[in-house]
Amino acid sequence: GIFPAGGFTASPRLFHSGGVPATQTSDGTDATPDNTETYFCEVMVPCNVTVTGLANFNGSAVGTDKWLVIMWNSSGTAVANSAVAGTTAVGTDAYQLVPFTAPYRALGPAIYYVGLQCNSTTARFNTHILGAFGASKKTSTVFGTVPSITAPTTFTTGLGPMMTLY
C-alpha cells in the first residue's frame, strides 16, 4: 500500500461510497430498509488509513430504529462493524457517525464495501441513484448478525447506501 507522508493522524472523511458524497439534504433516494436485508456498495480506499467508523446519510425518518454498519474487504469478508445491538438512528437527511467496535487499519489502494442493517422499517437511509460501481443487498439476514457478502460487480439503483469512512 501507499502511505501518506507522515501518515494520517486523524481519520479522513473523504472516502465516500461510490466515490460520491452527498452535497445537499435532497441527494440520493429515500429508501425503506427491510429488517431481513443488508445493503452495501463499494468504496475506494486510495492509501493505508485507520478508519474508526462509517457516517451513514440518513433519510427522511429516524425514530427509535437501530443501525448496524459494516465494512467488508474485496472478498466479502467483514473486517469491521459497529455494535451488533445497533446505534439509534438520529438526524434526518444528515450524516450520522456510527463508530466501529474497534478501529480498522485499511490497506490501500483497495476496494472495500460498506453497508448497513436496520432493526425495523421506520428509519430511512439515502441511496445512490446512479453509478458505475458495485451496489447490492443480501437477503435473509438477521439484524445483529454480521454476514459475509458476495462483492457486487454491477450497480443496482436504490440499494447502495450513501456513506463516508471516518
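Side-chain contact between S60 and T92 is absent, with no heavy atoms from C-beta onward closer than 4.5 Å. Inter-residue side-chain proximity for N81 and M71 is flagged as unmet; no heavy-atom pair is nearer than 4.5 Å.
Heavy atoms only, all atoms of each residue included: M44 and P109 are closest at CE-CB, 3.6 Å. Here the closest non-hydrogen pair linking P152 and A135 is CG-N, 3.7 Å. Considering every non-hydrogen atom in both C118 and A123, the closest pair reads SG-CB, 4.2 Å. Between W72 and A78, the shortest heavy-atom contact is CD1-N, 3.3 Å. Between Y113 and I149 the shortest heavy-atom distance is CB-CD1, 3.9 Å. Across all non-hydrogen atoms, the minimal contact from A61 to T122 is CB-O, 3.5 Å.
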Start with the C-alpha distance between H128 and F155, add both sets of side-chain angles, then the distance that settles ring pair (Phe, Tyr, Trp, His ring centres under 6.0 Å), and finish with yes or no.
CA-CA 9 Å; H128 293 280; F155 178 81; 7.1 Å; no

Side chain to side chain contact (heavy atoms under 4.5 Å, CB included) between S148 and K138, worked out
CA-CA 9 Å; S148 60; K138 183 169 185 171; 4.1 Å; yes

Go through the steps for V114 and V69 under the test side chain to side chain contact (heavy atoms under 4.5 Å, CB included), then give the verdict.
CA-CA 7 Å; V114 294; V69 299; over 6 Å; no

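One hydrophobic cluster, built from ILVMFWY side chains closer than 4.5 Å, holds both F100 and W67. F40 is not connected to V43 by any chain of hydrophobic side-chain contacts under 4.5 Å among Ile, Leu, Val, Met, Phe, Trp and Tyr, and they are in different clusters. Under the 4.5 Å side-chain heavy-atom criterion for ILVMFWY residues, no single connected hydrophobic cluster contains both F15 and V20. Cluster annotation: F133 is not connected to L165 through the hydrophobic network of ILVMFWY side chains, with a link wherever side-chain heavy atoms come within less than 4.5 Å. Transitive grouping of hydrophobic side chains (ILVMFWY, heavy atoms separated by less than 4.5 Å) brings V51 and V79 into a common cluster.
The structure places CD1 of I70 at 7.5 Å from OG of S82, a figure rounded to the nearest 0.5 Å. The CD atom of E37 lies 10.0 Å from the OG atom of S136; values are rounded to the nearest 0.5 Å. Interatomic distance, OG1 of T164 versus CG of L14, reported as 8.5 Å (0.5 Å rounding). The distance from the CG atom of N56 to the OG atom of S17 is 9.0 Å, given to the nearest 0.5 Å. The distance from atom OG1 of T127 to atom OH of Y39, rounded to the nearest 0.5 Å, is 10.0 Å. For the atom pair CG (D34) and OG1 (T139), the distance works out to 9.0 Å, reported to the nearest 0.5 Å.
Screening D65, L116, D30, V62 for a side-chain contact (heavy atoms from CB on, under 4.5 Å) with F125, the sole residue that qualifies is L116. Each of T88, V84, T87 was evaluated against K66; a single residue qualifies, T88, per the side-chain contact (heavy atoms from CB on, under 4.5 Å) test.
Although no hydrogens or angles enter the test, the distance criterion places a donor-acceptor pair under 3.5 Å between the side chain of N58 and the main chain of G91. Remark: the backbone N or O of L68 is not paired with any side-chain donor or acceptor of Q117 at under 3.5 angstrom.
Classification of the Y104-Y112 ring pair by plane angle, with boundaries at 30° and 60°, yields perpendicular.
Donor-acceptor pairing under 3.5 Å is recorded for the side chains of T38 and T141.
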